[in-house]
Amino acid sequence: MDSVKRFEEHFRKCKAYRYALSLLSYDGETEGPKKAVDERADAMGVLGLDYFLYTTSKEYEDIIIALEKDYAKLTPEYQRIVKLARKQIDLSKKIPPQEYEEYTILCSKSNEVWKVAKEKNDFKMVEPYLEKIVAFNQKFATYYGEIDGNTFNSLLDQYEEGITIKKLDVFFDELRKRIVPLVKQVQNSKVKIRTDFNERNYEHDAQLKLGRYVTELNGYDYSRGMLKETEHPFTNEVSTNDIRITTHVYPNNLFSNLFSCAHEGGHAIYDQSHADKIKGTALDDGASLAIHESQSRFYENMISRNENYLNYIYPKVVELFPNQM
């Protein structure tokens, strides 16, 4: 249909904006020059504003309106794409463009300040940035309006569609009934687990090799990704065939890097496994953030912490760290 073709042409430019912003973000989080913080933040502000205006333009909304009229003729995938696009337009149009640009620049700059503050263990350094970020989100929540009588639900809904404070309270109450007794059981156990081996000095580059080994073993495709270091590990979906992961290496904590790589690799494997029919579309970000986190936790906790798995990779650990084993 003509409306689908127009949408795909429009979305092609959206993907280009997202690609550029993702690359700037990944570069800044990993190996980007520290003195380029302001320039990089300003560039992200300019591109972010252009992207914001482009995805809230009358031209774009007219395309979505045309798709909504043809809704019954669309594939299930495109029907979902149209619903997501309508939801995002309605939310974004409520935010003044200047405030969106200011928020984008603030987030970029604050991240660099946070890195230094964390290293120095100085919360006061990052506190004013955090206060501004919270204030912005409080303001945005009032723009979005209430869901079930609460503005916070409008923020929750953007992370996990349909979730509310009421639903989370029920979930956490049930979780507490199961977790608290388990924690007490572990605390009262007479079994003492050795951890001293994890606190030896493990060579930096060898740890990175171990991270690459376990992520490849788990199924991460490095021809469509890369592994770099950052202050706090994350996964960056730049595009369908460019899913990048990060880790943080501590010389006296082998498991931190190992399980960080397993976790972020789980996110990346999920992204790399999306069906061909949704690749490059608005559905290519995953079903939801909770589903995304379930995949990363599955690889980190269910697979990589399993005794059989650890026994399997142990020869590689000995190979990489012959003097520590």
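This one's a predicted model, so the numbers in the text were calculated from it and none came from an experiment.
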Exercise for review: Test Asp276 against Lys279 for salt bridge (charged side-chain N to carboxylate O under 4.0 Å, His left out), laying out the working first.
Suggested key: CA-CA 5 Å; Asp276 288 339; Lys279 286 181 178 178; 3.2 Å; yes
Indicate, with yes or no, if [Y] and [X] share a hydrophobic cluster defined by side-chain heavy-atom contacts under 4.5 Å among Ile, Leu, Val, Met, Phe, Trp and Tyr.
X	Y	answer
Val249	Tyr213	no
Val317	Ile303	yes
Phe298	Ile269	yes
Tyr17	Leu24	yes
Leu289	Leu84	no

**Study point:** Under the ring pair (Phe, Tyr, Trp, His ring centres under 6.0 Å) test, residues paired with Tyr309 that sit two or more places apart
**Key:**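 Tyr309 satisfies ring pair (Phe, Tyr, Trp, His ring centres under 6.0 Å) with no other residue.
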Nearest 0.5 Å, please: how far is [atom2] in [Y] from [atom1] in [X]?
X	Y	atom1	atom2	answer
Ser92	Tyr144	OG	OH	6.5 Å
Ile313	Asn308	CD1	CG	12.0 Å
Ser304	Leu258	OG	CG	6.5 Å
Ile63	Asp2	CD1	CG	9.5 Å
Glu99	Tyr143	CD	OH	3.5 Å
Lys228	Glu31	NZ	CD	4.0 Å

Around [X], counting heavy atoms of other residues, nucleotides and ligands shown, do more than 12 lie under 6.0 Å from its [atom1]?
X	atom1	result
Lys209	NZ	no
His232	NE2	no
Glu9	CD	yes
Tyr312	OH	no
Lys166	NZ	no
Lys132	NZ	no
Lys83	NZ	no
Asn311	CG	yes

Check your understanding: What is the ring orientation for Tyr60 with His10, classed by angle as parallel under 30°, tilted 30 to 60°, or perpendicular over 60°?
Key ->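 Rings of Tyr60 and His10: parallel, as their planes differ by under 30°.
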Taking side chain as C-beta onward, heavy atoms only, is [X] less than 4.5 Å from [Y]?
X	Y	result
Pro97	Leu49	yes
His274	Leu283	no
Phe259	Asn301	no
Lys34	Lys115	no
Tyr222	Leu227	yes
Gln88	Ile64	no
His263	Arg297	yes
Glu29	Thr246	no

Indicate yes or no for a side-chain donor-acceptor contact from [X] to the backbone of [Y] under 3.5 Å, with no hydrogens or angles considered.
X	Y	result
Tyr26	Ile245	yes
Thr235	Glu264	yes
Thr240	Gly280	yes
Gln158	Ser154	yes
Asn257	Gln207	yes
Gln79	Tyr71	yes
Asn137	Ile133	yes
Thr142	Lys139	yes
Asn236	Ser22	yes
Glu112	Val37	no

Heavy-atom pair of closest approach, residues [X] and [Y]:
X	Y	answer
Gly162	Asp157	N-OD1, 2.7 Å
Asn153	Ile165	OD1-N, 2.9 Å
Cys14	Tyr51	O-CE1, 3.7 Å
Tyr270	Gly286	OH-CA, 3.6 Å
Ser223	Asp221	OG-OD1, 2.6 Å
Thr230	Thr30	CB-CG2, 4.4 Å

**Study point:** Steps toward side chain to side chain contact (heavy atoms under 4.5 Å, CB included) verdict (Arg305, Glu300)
**Key:** CA-CA 7 Å; Arg305 294 181 189 269; Glu300 176 191 355; 3.1 Å; yes
**Study point:** Reference residue Phe255; test ring pair (Phe, Tyr, Trp, His ring centres under 6.0 Å); the match among Phe197, Tyr250, Tyr202
**Key:**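 It is Phe197, the one option of Phe197, Tyr250, Tyr202 that forms the ring pair (Phe, Tyr, Trp, His ring centres under 6.0 Å) with Phe255.
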Point to revise | Evaluation steps, salt bridge (charged side-chain N to carboxylate O under 4.0 Å, His left out), between Arg86 and Asp90 | key: CA-CA 6 Å; Arg86 166 53 64 193; Asp90 290 345; 3.1 Å; yes
Exercise for review: Test salt bridge (charged side-chain N to carboxylate O under 4.0 Å, His left out) on Lys316 and Glu319 and set out the steps.
Suggested key: CA-CA 5 Å; Lys316 186 67 176 180; Glu319 175 190 327; 3.3 Å; yes
Review point. Going by the ring-ring contact (aromatic ring centres under 6.0 Å, His included) test, which pairs reach into residues 80-128, not counting sequence neighbours?
Key: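 Only Phe52-Tyr100, Tyr103-Phe136, Tyr103-Phe140 qualify under ring-ring contact (aromatic ring centres under 6.0 Å, His included).
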Check your understanding: Can Phe152 and Thr164 be said to form a side chain to side chain contact (heavy atoms under 4.5 Å, CB included), step by step?
Key -> CA-CA 8 Å; Phe152 188 66; Thr164 63; over 6 Å; no
Review point. Side chains of Glu293 and Ser296: donor-acceptor distance under 3.5 Å anywhere?
Key: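 Glu293 vs Ser296: donor-acceptor pair found between side chains.
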Exercise for review: Examine the side chains of His292 and Glu237 and answer whether a donor and an acceptor come within less than 3.5 Å of each other.
Suggested key: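 On atom types as modelled, these side chains do not qualify, holding no pair under 3.5 Å.
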Review point. For Arg194 and Asp196, what are the C-alpha separation, side-chain angles and deciding distance, and is it a salt bridge (charged side-chain N to carboxylate O under 4.0 Å, His left out)?
Key: CA-CA 6 Å; Arg194 279 189 57 198; Asp196 58 292; 2.9 Å; yes
